[in-house]
Amino acid sequence: MTKRSIGLSAKLHDYILSVSLREPEILRQLREETAKLPLAVMQVAPDQGQFMQLLVRLTGARSYLEIGTFTGYSTLAVALALPPDGRILACDINPKTTEVAQRYWTAAGVASKIELVLAPALETLDKQLTQGQAGRFDLAFIDADKENYDGYYERALRLVRPGGLILLDNVLWDGAVADPKKNDADTKALRAVNKKIQGDERVDVSMLPLADGLTLARKR
């Protein structure tokens, strides 16, 4: 038996979805609308959204920080899994894509759980820290511009509680991180943060080959 993670064929991926995916209709509609947009590749995969819901329930999370919202699929998935008193702070800079998100949040009846802040995320996170919100969040998800991943990670470490979980998306970057010929700014930034987290004694870590790569870092 191989000790390496399996490179999924399209057939095997379809099989996994057919026997494990439980995607609510509202999420499916959002995913299909997003698929028509020019930047649809930024959409979180449905199986990843479901995995995030499982993490919310396993950890008993009530407070969720999202850095990079796009059309709100991950936000909505988490909002549906949070308890009634759960709260989300969603950080983004694009009013057009987040308008799509807000329509679906309202349709799903979870808009009251979500505070959307349209501003550079580093500014929003620094404001949270200056307002004494360190340790406020149970779960954080980083899925924004890659060059700032290290800055997002450091701030998320301060904003999540001990025992809280930080998720970093796109850490495999379609395989570019393992290709020495790829040295654009985004790829270099992801390689650096991946290596940093591996040796970071402040967290327990596991990198999963889910979708485009998802790192789980639990704050010690």
Side-chain angles (χ1 to χ4, degrees), residues 1-59 66-81 97 100-101 104 139-147 149 153 165-198 203-218:
M1 181 178 291
T2 180
K3 295 182 180 179
R4 293 178 294 172
S5 296
I6 297 171
L8 295 179
S9 65
K11 184 176 181 180
L12 186 54
H13 180 251
D14 288 346
Y15 172 77
I16 291 173
L17 295 183
S18 74
V19 298
S20 69
L21 185 62
R22 300 177 178 178
E23 186 179 35
E25 178 64 16
I26 191 71
L27 281 172
R28 184 192 64 78
Q29 291 174 6
L30 173 53
R31 179 167 55 84
E32 291 183 353
E33 179 171 340
T34 302
K36 301 173 185 177
L37 300 178
L39 294 176
V41 67
M42 294 171 60
Q43 176 73 68
V44 169
D47 48 340
Q48 181 175 326
Q50 182 168 299
F51 180 66
M52 292 173 66
Q53 290 182 315
L54 180 61
L55 291 176
V56 168
R57 292 172 174 131
L58 284 172
T59 60
E66 182 170 82
I67 304 166
T69 294
F70 191 41
T71 60
Y73 188 98
S74 54
T75 333
L76 179 53
V78 168
L80 291 170
T97 55
V100 177
Y104 280 88
L139 181 66
F141 180 47
I142 300 173
D143 187 19
D145 56 299
K146 310 312 170 191
E147 290 188 65
Y149 258 40
Y153 172 68
L165 193 61
I166 301 170
L167 311 179
L168 296 93
D169 200 20
N170 304 119
V171 292
L172 297 181
W173 208 224
D174 199 28
V177 290
D179 185 348
K181 297 178 182 178
K182 303 287 187 179
N183 287 294
D184 57 278
D186 287 343
T187 302
K188 290 169 71 174
L190 286 167
R191 282 195 194 113
V193 79
N194 288 344
K195 189 63 178 177
K196 173 179 178 172
I197 295 173
Q198 180 195 20
V203 298
D204 303 306
V205 62
S206 183
M207 181 185 287
L208 305 180
L210 174 63
D212 195 28
L214 184 70
T215 288
L216 282 66
R218 176 188 174 275

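In this text the structure is predicted, and so the values were computed from the model without any measurement.
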K.L.:
Go through it in stages, so that I can follow the logic: the residues are Q48 and D169, the test is side-chain hydrogen bond (donor to acceptor under 3.5 Å, both in side chains), and I'd like the CA-CA distance, side-chain angles, deciding distance and then a yes or no.
P.N.:
CA-CA 10 Å; Q48 181 175 326; D169 200 20; 3.2 Å; yes

K.L.:
So which atom in V78 and which in M52 form the shortest heavy-atom distance, rounded to 0.1 Å?
P.N.:
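Taking every non-hydrogen atom into account, CG2-CE, 4.0 Å.
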
K.L.:
Any sub-3.5 Å donor-acceptor pair from Q53's side-chain atoms to A77's backbone N or O?
P.N.:
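Here the side-chain-to-backbone pair exists.
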
K.L.:
Could you state the interatomic distance from CG (D179) to CZ (R191), rounded to the nearest 0.5 Å?
P.N.:
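Output value for this atom pair is 7.0 Å.
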
K.L.:
Are T34 and T71 linked by a side-chain donor-acceptor pair shorter than 3.5 Å?
P.N.:
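Checked: T34/T71 side chains pair up, N/O donor to acceptor below 3.5 Å.
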
K.L.:
Per the side-chain contact (heavy atoms from CB on, under 4.5 Å) rule, which among D143, I67, I197 passes with Y149?
P.N.:
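That would be D143; it is the only one of D143, I67, I197 passing the side-chain contact (heavy atoms from CB on, under 4.5 Å) with Y149.
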
K.L.:
Can you measure from CG (N170) to CD1 (I142) and round to the nearest 0.5 angstrom?
P.N.:
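N170 atom CG to I142 atom CD1 measures 11.5 Å (nearest 0.5 Å).
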
K.L.:
Give a yes or no on whether the backbone of A185 and the side-chain of E147 come within a donor-acceptor separation of less than 3.5 Å.
P.N.:
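Answer holds: no.
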
K.L.:
Any donor and acceptor pair, going by atom type alone, linking the side chain of S9 with main-chain N or O of L12 inside 3.5 Å?
P.N.:
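Flag set: sc S9 to bb L12 pair under 3.5 Å.
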
K.L.:
Kindly indicate whether the side chain of F51, heavy atoms from C-beta on, has any atom under 4.5 Å from the side chain of D47.
P.N.:
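Side-chain contact under 4.5 Å: no.
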
K.L.:
Is the shortest heavy-atom distance from the side chain of V203 to the side chain of R218 under 4.5 Å?
P.N.:
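Answer no - side chains too far apart.
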
K.L.:
Which atoms form the tightest heavy-atom contact between A217 and Y153, and what is the distance?
P.N.:
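Closest heavy-atom pair between A217 and Y153: CB-CE1, 4.4 Å.
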
K.L.:
About how many Å separate CG of L80 and CG of L27, when rounded to the nearest 0.5 Å?
P.N.:
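Reported to 0.5 Å precision, the distance equals 5.5 Å.
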
K.L.:
Are L216 and L55 close enough, and set up right, to give a side chain to side chain contact (heavy atoms under 4.5 Å, CB included), and what steps lead you there?
P.N.:
CA-CA 10 Å; L216 282 66; L55 291 176; 4.2 Å; yes

K.L.:
Show the nearest heavy-atom pair for residues S74 and V44, with the distance to one decimal.
P.N.:
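So the minimum-distance heavy-atom pair works out to CB-CG2, 4.0 Å.
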
K.L.:
Look at the side chain of S20 and the backbone N and O of I16, then say whether any donor-acceptor pair between them is shorter than 3.5 Å.
P.N.:
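Present.
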
K.L.:
With salt bridge (Lys or Arg N to Asp or Glu O under 4.0 Å) as the criterion, how do E23 and R31 come out once you've worked through the C-alpha distance, each side chain's angles and the decisive distance to 0.1 Å?
P.N.:
CA-CA 10 Å; E23 186 179 35; R31 179 167 55 84; 2.6 Å; yes

K.L.:
Can you list the steps and then say if V171 with V177 is a side chain to side chain contact (heavy atoms under 4.5 Å, CB included)?
P.N.:
CA-CA 8 Å; V171 292; V177 290; over 6 Å; no

K.L.:
For the residue pair K195 and Q198, what are the closest heavy atoms and their distance?
P.N.:
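Shortest heavy-atom separation between K195 and Q198 comes out as NZ-OE1, 3.0 Å.
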
K.L.:
Which distance, rounded to the nearest 0.5 Å, do you find between the CG of L172 and the OG1 of T187?
P.N.:
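Those atoms lie 11.5 Å apart.
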
K.L.:
Can you tell me how far CG of L30 sits from OH of Y104, rounded to the nearest 0.5 angstrom?
P.N.:
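Rounded to the nearest 0.5 Å, the OH-CG separation comes to 6.0 Å.
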
K.L.:
Please check if the side chain of D184 supplies one atom and the backbone of D186 the other of a donor-acceptor pair under 3.5 Å.
P.N.:
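Yes.
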
K.L.:
Could you tell me if the side chain of D174 sits less than 4.5 Å from the side chain of D212, heavy atoms only?
P.N.:
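Sidechains of D174 and D212: in contact.
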
K.L.:
Side chains of L214 and L167: does their closest heavy-atom pair fall under 4.5 Å?
P.N.:
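The answer is yes; the side chains approach within 4.5 Å.
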
K.L.:
Roughly how far, to the nearest 0.5 Å, is CD of Q29 from CD of E25?
P.N.:
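So the CD of E25 and the CD of Q29 are separated by 4.5 Å.
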
K.L.:
On a heavy-atom basis, which atom in K146 and which in A144 lie closest, and how many Å separate them?
P.N.:
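Looks like NZ-O, 3.0 Å.
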
K.L.:
Quick one: do E33 and V100 satisfy side chain to side chain contact (heavy atoms under 4.5 Å, CB included)? Show the steps, please.
P.N.:
CA-CA 9 Å; E33 179 171 340; V100 177; 3.8 Å; yes

